[in-house]
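Below you'll find the structure, written out as C-alpha cells, and then a few comments.
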Amino acid sequence: MTAPSSTWFSAPADAGKRLGEVGYLADTATATTTYLAGALEKPLLVEGPAGVGKTELAKAVSRATGADLVRLQCYEGLDEARALYEWNYKKQLLRIQSSGDQEWEKTHDDIFTDEFLLTRPLLTAIRREQPTVLLIDEVDKTDVEVEGLLLEVLSDFQVTIPELGTIEAVRRPFVILTSNATRELSEAVKRRCLYLHIDYPEADRERDIVLGQVPGIEKKLAGQIVETVHKMRELELKKSPSIAETIDWARTLVALGIGTLDNETIDRTLGVLLKHSTDHDRAIRELRLRAPRK
C-alpha cells in the first residue's frame with residue numbers, strides 16, 4: 001500500500017501556500033513540481049548552485065506536511081553500509097560465542113534477523129509506516145557506483161537484503177535528491193525523477209524572503225542588502241553568497257541596530273557574507289565604486 005497523494009499536497013497552489021506558511025517562498029515552477037512529486041509518487045531531483053534553498057525545500061515539505069525527515073548526506077566514499085544497512089557484527093559475534101557447538105547451525109540462522117540489523121537512511125525511510133520525507137542531499141558528491149544503490153529504491157521503493165529478502169515500502173516516502181551539478185548524474189537516476197532547477201531568486205523575491213525571515217528589518221534596508229548581494233553574485237567570486245548568508249547578513253545588521261547600508265558597514269560586516277579573503281577584497285574594491293542606492 002502506498003501513501004495517498006492527499007498526504008502531501010492537493011494542488012500546486014496548495015503546495016505554494018503551505019510551503020509559504022512554513023517560511024519557504026516557492027515560485028510557480030517549484031510549487032508545481034513539488035505537488036507533482038507527491039501526486040505522482042516520483043522522486044524529485046533538485047539541481048542548482050549551492051545555497052539557493054534545495055535542502056531547505058525538503059525541510060519545508062516535511063514541516064508543511066507534518067512528515068518526519070530522514071536525511072542521507074552524501075559524500076565521497078559513501079558506501080552501502082552507511083547508506084542502506086549493515087549487520088551488527090559485534091552483537092552477532094557475542095551471540096555465536098555464547099552458543100554451544102551443537103547449537104551453531106540454529107545460531108547462524110538467528111543472527112541474521114532484525115535484532116542484528118543496523119538500518120541506515122535509505123532502509124529507514126523504506127520501512128517507516130508514517131509519512132516520511134527522504135532527503136538524499138548532494139548526491140553528486142558520491143561515487144558513480146553509489147547511484148546503483150539508489151536505483152532499486154527510486155524505481156520500486158524497495159530494498160533487497162540477501163539474508164532477509166526484499167523489503168517493500170508500506171508507505172512511499174516523498175523523496176528529494178539535491179545536486180550542486182559538480183558532476184553529471186547517470187541517465188538511469190534521472191529517468192526515475194522529476195526535475196527542478198533552482199537558481200538564485202530575483203531581487204524582489206529575495207527581498208521578500210529577507211523580510212519574512214528577519215523580524216524587525218526595515219524594507220529599505222532589506223532592499224539595500226539584496227541589491228548589494230546581487231552585485232556580488234555578478235563578480236567572479238570563489239563562493240557567491242547564498243540566500244542563507246543574505247539572511248544572516250540581514251540579521252547581523254538588525255542586531256547591530258544599523259538602518260542603512262554604507263561602505264563602512266560593508267567593511268565591518270562582510271565576513272558574515274563572504275568566507276574567502278580574495279572574495280572579500282574583490283567585493284570591497286568593486287562595491288566602493290558601486291555602492292547601493294541610499
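FYI, side chains are in, hydrogens and waters are out, and symmetry mates aren't considered; it's all heavy atoms of this structure. If you're wondering where the values come from, they're calculated on a predicted model, not measured in any experiment.
For E187 and R191, the salt-bridge test fails: no basic side-chain N is under 4.0 Å from an acidic carboxylate O. A salt bridge is defined here as a Lys NZ or Arg NE, NH1 or NH2 lying under 4.0 Å from an Asp or Glu carboxylate O, and D279 with K275 fails to meet this definition.
Evaluation of the side-chain hydrogen bond (donor to acceptor under 3.5 Å, both in side chains) rule for R282 yields no partner, not counting sequence neighbours. Under the salt bridge (charged side-chain N to carboxylate O under 4.0 Å, His left out) criterion, R233 pairs with E206, sequence neighbours left out. Checked against side-chain hydrogen bond (donor to acceptor under 3.5 Å, both in side chains), S62 has no partners two or more places apart in sequence or in another chain. Among residues two or more places apart in sequence or in another chain, the side-chain contact (heavy atoms from CB on, under 4.5 Å) test is passed with L151 by A188, V189, R192. Under the salt bridge (charged side-chain N to carboxylate O under 4.0 Å, His left out) criterion, E184 pairs with K190, not counting sequence neighbours. With sequence neighbours left out, the side-chain contact (heavy atoms from CB on, under 4.5 Å) criterion links R183 to D140, T142, V144, E147, L185. With sequence neighbours excluded, the residues forming a side-chain contact (heavy atoms from CB on, under 4.5 Å) with A250 are V210, V214, I217, I225, listed by chain and number. Among residues two or more places apart in sequence or in another chain, the salt bridge (charged side-chain N to carboxylate O under 4.0 Å, His left out) test is passed with R63 by E56. Listed by chain and number, the residues in a side-chain contact (heavy atoms from CB on, under 4.5 Å) with A244 are S242 (sequence neighbours excluded). Applying the salt bridge (charged side-chain N to carboxylate O under 4.0 Å, His left out) criterion to E86, with sequence neighbours excluded, gives R82, R120.
Taking both residues in full, the closest heavy atoms of A26 and A31 are given as CB-N, 4.2 Å, listed atom of the first, atom of the second, then distance. Across all their heavy atoms, T269 and T265 have their closest contact at OG1-O, 2.8 Å. The two residues A58 and I176 come nearest to each other via the heavy atoms CA-CD1, 3.6 Å. For the pair Y24 and G53, the tightest heavy-atom approach, listed with the atom from each and the gap, is OH-O, 3.1 Å. The heavy-atom pair separating L274 from A283 by the smallest distance is CD1-CB, 3.6 Å.
The shortest distance between side-chain heavy atoms of L122 and L150 falls below 4.5 Å. Using a 4.5 Å heavy-atom threshold, the side chains of E47 and L196 count as separate. Counting heavy atoms from C-beta outward, L270 and M232 have side chains that approach closer than 4.5 Å. At a threshold of 4.5 Å between non-hydrogen side-chain atoms, the residues I266 and W249 count as touching. Put simply, the side chain of T228 does not reach to within 4.5 Å of the side chain of L273, judged on heavy atoms. Two residues are said to be in side-chain contact when any heavy atoms from C-beta on lie closer than 4.5 Å; D156 and T166 fail this criterion. L19 places a side-chain heavy atom less than 4.5 Å from the side chain of L57. Taking the side chain as every heavy atom from C-beta outward, T119 and L117 approach each other to under 4.5 Å.
Within the 3.5 Å criterion, the main-chain N or O of I198 finds no donor-acceptor partner in the side chain of K54. Side chain of T33 to main chain of A29: a donor-acceptor pair is present (N/O by atom type, distance under 3.5 Å, no hydrogens or angles). The backbone N or O of L25 lies less than 3.5 Å from a partner atom in the side chain of R205, making a donor-acceptor pair. Checked by atom type and distance alone, the side chain of Q213 never pairs as donor or acceptor with a backbone atom of I247 at under 3.5 Å.
In the model, D68 has no side-chain atom that pairs as donor or acceptor with a side-chain atom of T132 under 3.5 Å. Using a 3.5 Å distance cut-off with no hydrogens or angles, the side chains of T30 and D27 do pair a donor with an acceptor.
For residues 154-183, the ring-ring contact (aromatic ring centres under 6.0 Å, His included) pairs, not counting sequence neighbours, are W8-F174. For residues 176-204, there are no ring-ring contact (aromatic ring centres under 6.0 Å, His included) pairs, not counting sequence neighbours.
Hydrophobic clustering of Ile, Leu, Val, Met, Phe, Trp and Tyr side chains at less than 4.5 Å, counting indirect connections, keeps I209 apart from V22.
Heavy atoms of other residues, nucleotides or ligands lying less than 6.0 angstrom from NZ of K42 number more than 12. Other residues, nucleotides and ligands contribute only 12 or fewer heavy atoms inside 6.0 Å of the CD atom of E218.
Between the CZ atom of R268 and the CG atom of L253 there is a distance of 9.0 Å, given to the nearest 0.5 Å.
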